[in-house]
**Q** 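Below is a structure I'd like to ask you about.
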Amino acid sequence: MANFRLETRTRSGAYLATLRYSNLQGEMYKGNKWSTIRWDMSLEDTRELTYSELYPGKTEVWMFRDDGLIFAGPIWDANISTKEAKFSCRAEGLASYFDRRRIEASWDSSLPLGQQAWNIVAASQALTDGNLFITQGTSVPGGAPSAHIKFAASELKMVSDALADLSEGDNGFDWEVTPNRVFNVYYPRLSGRANVRLEFGGNIRSYAVDINGKYAANNVVVQGADDSLSAAVVDTAKRAEYGLRHYVGSNTGLKSRAQLDAYAVQLLSLRRDTRIIPQLSVAAEGVNPFNGDIDYGQVARTVINDGWVQYDIDMRCSGYQFTVDKHGIETFVLFLNDLREVD
């Protein structure tokens, strides 16, 4: 059992109000997918609040667990229902601000990709009224990949899209904006072994597994800028196993044939087999991400021996869902992927 507290704050961190809440839940991620939390409040409790203390698009919510800050971000949505007598809110992590930030100047840089990512964030914060009070954290290590990235202001690229373009792929990196407003870049990607082994019948209480057979492809072509095309990249062994499966990728940010061919090879490596996506409901007393048992990017041995469903493989945590009841008791659902980087 843990003690959770929700506070509303300004972008600069000034305290506004402490919220009484119920039905606290959310999903926690890093990188190009934003963490999200949701909660309800009674209409009676919200009558004590003012617009300056809580208003979607203007105020943030900070979530504390046992007095440690574990989430911060803008409240984007609210729903007020007199029929249900409740006020429901949804907030996303600080990185979600980048969905509403356009890169206003043309970009031309050959620095390490992770440094370019921070420079784009810093340039956005330097715009009039653009300060998000985010600071640079981990520096880009020596040996991190560089690339010549160039795009015009007329492309109207959003900061979130630029960060996705820079960080994805075989030479990509993980990144986050921490609740303390620090922009961290991780290269190589976050990995390492989790502190737990996941096993159905043990710490896995229930599971759901999606198997996407249509995801597999063995003949890949990529379309780039000005309708340019890569060479077709083929996996003959997988073509014989699955039959011919075409896939056409698209990335208009790639200007050269060499870049297109490299991206086609990357997509083929991702798509040569079916995609397996398990969601595991776990016992919080044995697997608690908030206590460091498993985190984004970490690898855990995952064993499901249950009739037709047979897995005994390493899988990478891509995030998790949490729910907190009125007593502070937590439940978790882990989101896992196989060890390929999914496009």
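Everything numeric here is computed off the predicted structure, so don't read it as measured data.
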**Q** Might you confirm whether atom CZ of Arg193 has over 12 heavy atoms from other residues, nucleotides or ligands at distances under 6.0 Å?
**A** yes
**Q** Nearest 0.5 angstrom please: Leu24 CG to Lys326 NZ, how far?
**A** 15.0 Å
**Q** Taking Ser124 for the side chain and Val121 for the main chain, is one N or O donor matched with an acceptor at less than 3.5 Å?
**A** no
**Q** Would the distance check show the side chain of Arg275 and the main-chain N or O of Ile211 forming a donor-acceptor pair, the cut-off being under 3.5 Å?
**A** no
**Q** Might you confirm whether atom CZ of Arg11 has over 12 heavy atoms from other residues, nucleotides or ligands at distances under 6.0 Å?
**A** no
**Q** As an exercise, state the distance from OG of Ser106 to CZ of Phe151, rounded to the nearest 0.5 Å.
**A** 8.5 Å
**Q** Compare all side-chain heavy atoms of Ile134 with those of Phe98 and state whether any distance is below 4.5 angstrom.
**A** yes
**Q** Does any part of the side chain of Leu198, heavy atoms only, come nearer than 4.5 Å to the side chain of Leu336, both counted from C-beta?
**A** yes
**Q** State, without any angle test, whether His148 and Asp108 hold a side-chain donor-acceptor pair at a distance under 3.5 Å.
**A** yes
**Q** Could you go step by step and tell me if Phe290 and Phe332 meet the ring pair (Phe, Tyr, Trp, His ring centres under 6.0 Å) rule?
**A** CA-CA 10 Å; Phe290 290 148; Phe332 296 95; 5.4 Å; yes
**Q** Report yes or no: do Asn305 and Tyr311 form a side-chain donor-acceptor pair below 3.5 Å?
**A** no
**Q** Is the number of heavy atoms from other residues, nucleotides or ligands under 6.0 Å of Asn212 CG greater than 12?
**A** yes
**Q** Any non-hydrogen side-chain atom of Cys89 less than 4.5 Å from a side-chain atom of Met41?
**A** yes
**Q** Under 6.0 Å from the six-membered ring centre of Tyr296 and within 45° of its axis: does the NZ or CZ of Arg316 meet both?
**A** yes
**Q** Salt bridge between Arg197 and Asp293, side-chain N to carboxylate O under 4.0 Å?
**A** no
**Q** Contact between Thr135 and Phe183 at the side-chain level, heavy atoms closer than 4.5 Å - yes or no?
**A** no
**Q** What verdict does the salt bridge (charged side-chain N to carboxylate O under 4.0 Å, His left out) test give for Arg189 and Asp174, after you've listed the backbone C-alpha separation in whole Å, the side-chain angles of each residue and the deciding distance to 0.1 Å?
**A** CA-CA 5 Å; Arg189 295 185 185 276; Asp174 286 327; 3.3 Å; yes
**Q** Walk me through it: do Glu92 and Arg38 pass the test salt bridge (charged side-chain N to carboxylate O under 4.0 Å, His left out)?
**A** CA-CA 9 Å; Glu92 293 181 341; Arg38 299 172 295 280; over 6 Å; no
**Q** Check Leu166 against Phe173 and note the closest heavy-atom contact, atom names and distance.
**A** O-CE2, 3.4 Å
**Q** What closest approach, in Å, do Met315 and Asp338 show between heavy atoms, and which atom pair accounts for it?
**A** CE-N, 3.3 Å
**Q** First locate atom CG of Leu111, then atom CD1 of Ile149, and finally report the distance between them rounded to the nearest 0.5 Å.
**A** 11.0 Å
**Q** Mark yes when over 12 heavy atoms from residues, nucleotides or ligands other than Arg5 sit less than 6.0 Å from its CZ; otherwise mark no.
**A** yes
**Q** Could you check whether Lys33 makes a cation-pi contact with Tyr29, meaning its NZ or CZ is under 6.0 Å from the centre of the six-membered ring and within 45° of the ring axis?
**A** yes
**Q** Any heavy-atom pair between the side chains of Leu43 and Lys86 that's under 4.5 Å?
**A** no
**Q** Taking all heavy atoms of Ile103 and all of Ala162, pick out the closest pair and write down the distance.
**A** CD1-CB, 3.6 Å
**Q** Is the shortest distance from a Lys or Arg side-chain nitrogen in Arg301 or Glu199 to a carboxylate oxygen in the other one below 4.0 Å?
**A** no
**Q** Should Thr8 and Leu19 count as side-chain neighbours, where that means a heavy-atom distance under 4.5 Å?
**A** yes
**Q** Is there a donor-acceptor contact under 3.5 Å linking the side chains of Glu60 and Tyr97?
**A** yes
**Q** Which heavy-atom pair separates Asn218 from Gly243 by the least distance, and what is that distance?
**A** ND2-O, 2.9 Å
**Q** Can Val159 be reached from Leu156 by stepping across I, L, V, M, F, W or Y side chains whose heavy atoms are under 4.5 Å apart?
**A** no
**Q** Strictly below 4.0 Å, N to O, side chains only: are Glu53 and Arg47 in salt-bridge contact?
**A** no
**Q** Show your reasoning for whether side-chain contact (heavy atoms from CB on, under 4.5 Å) applies to Thr274 and Tyr215.
**A** CA-CA 6 Å; Thr274 56; Tyr215 181 84; 5.9 Å; no
**Q** Before giving the answer on side chain to side chain donor-acceptor pair (under 3.5 Å), spell out for Gln116 and Trp107 the whole-Å C-alpha distance, their side-chain angles and the decisive distance to 0.1 Å.
**A** CA-CA 10 Å; Gln116 290 194 53; Trp107 191 261; 3.0 Å; yes
**Q** Would a distance-only check, ignoring hydrogens and angles, find a side-chain to backbone donor-acceptor pair under 3.5 Å from Tyr15 to Thr18?
**A** yes
**Q** Just do the side-chain contact (heavy atoms from CB on, under 4.5 Å) check on Thr46 and Leu54 with the steps written out, would you?
**A** CA-CA 9 Å; Thr46 57; Leu54 189 156; over 6 Å; no
**Q** Is it the case that atom OH in Tyr55 sees more than 12 heavy atoms from other parts of the structure closer than 6.0 Å?
**A** no
**Q** How far apart are the closest heavy atoms of Val233 and Ala264, and which atoms are they?
**A** CG2-CB, 3.6 Å
**Q** Taking atom types as modelled, is there a side-chain donor on Ser42 or Asp45 under 3.5 Å from an acceptor on the other?
**A** yes
**Q** Can you tell me if Ser88 and Asp40 form a side-chain donor-acceptor pair at under 3.5 Å?
**A** yes
**Q** Would you say that Arg181 contacts Leu94 through its side chain, given a criterion of any heavy-atom pair below 4.5 Å between the two side chains?
**A** yes
**Q** Is there a salt bridge (charged side-chain N to carboxylate O under 4.0 Å, His left out) between Asp273 and Lys238 once you walk through the steps?
**A** CA-CA 8 Å; Asp273 284 305; Lys238 292 298 180 180; 2.7 Å; yes
**Q** Check this for me, if you would: do Arg239 and Glu241 make a salt bridge, where the nitrogen-to-carboxylate-oxygen distance has to be below 4.0 angstrom?
**A** no
**Q** Could you give me the CA-CA distance, side-chain angles and deciding distance for Asn219 and Tyr247, then say whether side-chain contact (heavy atoms from CB on, under 4.5 Å) is met?
**A** CA-CA 6 Å; Asn219 183 308; Tyr247 179 75; over 6 Å; no
**Q** Would you name the heavy atoms of Ala91 and Ile75 that are closest together and state the gap between them?
**A** CB-CA, 3.9 Å
**Q** Is it the case that the ring center of Tyr21 lies less than 6.0 angstrom away from the ring center of Phe4?
**A** no
**Q** Flag the pair Trp76 / Pro56 as yes when at least one side-chain heavy-atom distance between them is below 4.5 Å, and no otherwise.
**A** no
**Q** Going from CG on Asn291 to CD1 on Ile294, what distance comes out if it is rounded to the nearest 0.5 angstrom?
**A** 13.0 Å
**Q** With no hydrogens and no angle check, is any side-chain donor or acceptor of Ser110 less than 3.5 Å from a backbone partner on Ala147?
**A** no
